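Here is the structure we will look at.
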There are 2 protein chains.
Amino acid sequence: MARRDDANGTGTLGKAMDVLDAVAAAPSPPRFTDLLGKVDQPRGTLHRQVSNLVEEGLLSVRGDHSYELGVRLLRLASKAWSDNQFRLVAEPHLRRLHDLTGETVHLGVLSGAEVVYLDKVESRQAVRMHSQIGNASPTYCTGVGKAALSALPEAELERRIAALAFRAYTPSTLPDAAALRREIDEIRRSGIAYDREEHEPGIHCVAAPLHSRSRDFVAGVSVTAPAYRIPMARLHEWEPLVRDCARSIMEDMASRLGPRS
Amino acid sequence: MARRDDANGTGTLGKAMDVLDAVAAAPSPPRFTDLLGKVDQPRGTLHRQVSNLVEEGLLSVRGDHSYELGVRLLRLASKAWSDNQFRLVAEPHLRRLHDLTGETVHLGVLSGAEVVYLDKVESRQAVRMHSQIGNASPTYCTGVGKAALSALPEAELERRIAALAFRAYTPSTLPDAAALRREIDEIRRSGIAYDREEHEPGIHCVAAPLHSRSRDFVAGVSVTAPAYRIPMARLHEWEPLVRDCARSIMEDMASRLGPRS
DNA sequence: AATTATGTTCCATATAGTGGAATAAATTGA
DNA sequence: TCAATTTATTCCACTATATGGAACATAATT
């Protein structure tokens, strides 16, 4: 929810993105006046911004003046996904981790305050692919999220934690910054993060951090499983597999994309 | 390829989108100078535009100064897809069409010169979902593309056809505007479009047009099948099913979203 | 028909984007 | 290793573009 500091460096573009975010965050297609309440812009200004977004195909307007995100985003995202070098490099490693564990494997990267899923490998492909790719979850209550946070340089970590708004998804969701901070320290020591049913009841996972040399992006790999079928002990056994997967993705990145990736 | 008229009404935002398009169109992650050649902007200007896009997460820069589309697009597109009212309304109808035919069903909407796939229903879910959703194909050699074109008002159709650049994907791809024009007339009469292996050899389909009352968007539904297994005759038999599917989606839209959608 | 809510247009003003040129950084070649 | 060359980044006077308050138009509501 909390999204934007009053001042931002990206001028007109930033404002346009604010509008898109506002539409994305709305529970149902917002009308013009709804948006007027959500983004801090005067009528005339917002109206032109929205018109421009519509003209560019980033927003689409229905007959009743309500707005939806436009299909042009789908088109771009499709490219963003299929061309993504990190994902391309990681994919075979994820597949291998899946083969070794038999459970669902996720790859997620840190984006803003959230972790967005870049890829997913699971056996029963009955579930719609899109149900995860591109989805975003909070960092503080997911395996990949906490793993990714642990890979951030200290200053950056502080900044991000300070900006978080904690919400208890389950009884075991970490309640505040202090608890998260303690857990991150532990993850940094062990190189492994757990989600102990902190986001969804009955679902837990093991995850390992992943980052580019320069830390210009941080990510996480995880193996997720239902608690009733896979006990915590098994998750512990998988620690080396997950760690190895993360390590080999990083090595692969380094060798393929040059030492500086 | 042909993308932009010299003048466009969306100012700064439009230019930013041009840059995104240029990155999306590149066969491999372009560097700054590559982009400089593709978008018509002076160095200083382009540099700031790119910086802004990176800061907003719409572009991401790798260690070697090459640019990729950013993950924020995935996040937005995920929302764009899951919230899309048209798709939500259409989904059960697509599923029904799939059950009746046993073959792959597509839903695509017209976006610029292309048709982008909004949904896909197929039995063997082995294929990755993202392999189609958000993908774009030319209008003039796909079933949904031609169907969608046929639903455009005359003036709009002329304009779009004039802007097309024809490329022969297969021996049966329509070669030019005249041939397409003739076929569109036929589709308007019959209400059914065929792709006779015009995009991919061995793949053909039946499609029907679909549009919102006000024509502010046009789309198509199709049943696609391999030619070796499903003969043309069978496609003909499916005509009523496809037409009914399109009709019932439109009716459903009208009733759910109000008479004006 | 009058009232209220909602959407759209206008235009003087200021802000934010522009772009040519200078600087810095990385890469290549001798 | 150092110069030559390519490539990326910064700077800033200038101006095009976005701004926003207010007037106007168009539904919806009473």
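All figures in this text were calculated on a predicted structure; none of them were measured in a lab. Residue numbers start from 1 in every chain, and the chains themselves are labelled A, B, ... in the order their sequence lines are given, proteins ahead of strands. Note: hydrogens, waters and symmetry copies are ignored here, and every other heavy atom, side chains too, is used.
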Does any part of the side chain of [Y], heavy atoms only, come nearer than 4.5 Å to the side chain of [X], both counted from C-beta?
X	Y	value
B:L73	B:L58	yes
A:P30	A:V23	yes
B:E114	A:R75	yes

Roughly how many Å is it from [atom1] in [X] to [atom2] in [N], rounded to a whole number?
X	N	atom1	atom2	answer
A:L36	C:dA5	CG	C1'	13 Å
B:D64	C:dA25	CG	P	19 Å
A:K15	C:dG17	NZ	P	7 Å
B:N52	D:dT17	CG	C1'	15 Å
B:D40	C:dG20	CG	P	11 Å
A:R48	D:dA22	CZ	P	18 Å
A:L59	C:dG7	CG	P	14 Å
B:R62	C:dA26	CZ	P	18 Å

At less than 4.0 Å, is any side-chain N or O atom of [X] found next to OP1 or OP2 of [N]? Yes or no.
X	N	result
A:T12	D:dA18	no
A:H47	C:dG7	no
A:Q49	D:dT19	yes

Requested in this report: Please confirm whether B:F32 and B:Y67 have ring centers closer than 6.0 angstrom.
Outcome: no

Query raised in the report: With a 6.0 Å cut-off on ring centres, are A:H106 and A:Y117 close enough?
Result: yes

Let's see if you can work this out: which of [options] has an atom nearest to the side-chain heavy atoms of [X]?
X	options	result
B:Q41	C:dG19, C:dT8, C:dG17	C:dG19
B:P42	C:dG19, D:dG21, D:dT7	C:dG19
B:H65	D:dT9, D:dT7, C:dG19	D:dT9
A:T33	C:dT6, C:dA16, C:dG19	C:dT6
A:T45	C:dA16, D:dG20, D:dT9	D:dG20

Query - Along DNA chain C (nearest heavy atom to each residue), the more 5'-positioned of B:R31 and A:F32 - result: A:F32

Query raised in the report: Can you find a donor-acceptor N/O pair under 3.5 angstrom joining the side chain of A:R43 to the base of D:dG20?
Result: no

